[in-house]
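Below: the structure, in structure tokens.
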Amino acid sequence: MTGGRIAEVQTLCVAPAERNGGVGTLLLDTVDAELATMGINDLIIATVAANTAAQRLYERRGLRPIMVQLARFGASPPGMS
């Protein structure tokens, strides 16, 4: 299903004042260019479920949802006080 090597972008952030100005596209263009020089075609990148703008950007670039991650932050597990 994948090639021999897979790249993962762990964090990609654009300052709120700079969003919708093409900065994310330029960053991903740079990532793709660097991966191409290394012969890597497969890329994984994640975003929070509510960040639909990032999801649209990634999907325009050919990425598709493949995993669902669940998390709990700052709360006690059920049954724990």
Side-chain angles (χ1 to χ4, degrees):
M1 182 170 175
T2 64
R5 298 168 68 192
I6 302 172
E8 180 176 5
V9 173
Q10 292 190 348
T11 304
L12 186 135
C13 297
V14 176
E18 301 300 323
R19 291 180 186 155
N20 299 312
V23 174
T25 296
L26 290 172
L27 289 169
L28 290 171
D29 286 347
T30 302
V31 168
D32 286 339
E34 185 64 24
L35 293 177
T37 66
M38 295 185 283
I40 299 173
N41 297 315
D42 300 330
L43 174 63
I44 295 173
I45 189 167
T47 185
V48 296
N51 192 345
T52 56
Q55 291 172 38
R56 285 191 305 272
L57 171 62
Y58 303 150
E59 288 180 357
R60 282 195 306 270
R61 299 184 69 87
L63 287 94
R64 298 291 173 253
I66 59 164
M67 293 183 270
V68 174
Q69 289 184 301
L70 304 174
R72 175 177 40 232
F73 299 109
S76 298
M80 305 290 282
S81 319

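Just so it is clear, the structure is predicted and the values come from calculations on it, not from any experiment.
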Which heavy atom of Glu59 sits nearest a heavy atom of Arg64, and at what distance?
-> O-NH1, 2.9 Å
Tabulate below the donor-acceptor pairs under 3.5 Å that side-chain atoms of residues 8-23 make, not counting sequence neighbours, or state none.
from, atom 1, to, atom 2, distance (Å)
Arg19, NE, Val14, O, 2.8
Arg19, NH2, Val14, O, 3.0

CG of Leu27 to CG of Leu57, rounded to nearest 0.5 Å, is 9.5 Å
Same hydrophobic cluster for Met67 and Ile6, using side-chain heavy-atom links shorter than 4.5 Å among ILVMFWY?
-> yes
So do Thr30 and Leu26 actually touch side chain to side chain, heavy atoms under 4.5 Å?
-> no
In terms of heavy-atom contacts, Arg5 and Met38 come closest through NH1-O, 3.2 Å
Does some side-chain heavy atom of Ile45 sit less than 4.5 Å from a side-chain heavy atom of Val31?
-> no
Any idea which heavy atoms bring Thr47 and Asn51 closest together, and the distance?
-> OG1-CB, 3.2 Å
May I ask whether Leu63 and Ile40 are part of the same hydrophobic cluster, defined by side-chain heavy atoms of I, L, V, M, F, W, Y residues being less than 4.5 angstrom apart, directly or through others?
-> yes
On a heavy-atom basis, the closest approach of Ala50 and Gln55 is N-NE2, 4.4 Å
Applying salt bridge (charged side-chain N to carboxylate O under 4.0 Å, His left out), name anything that partners Arg61, two or more places apart in sequence or on another chain.
-> Asp29, Asp32
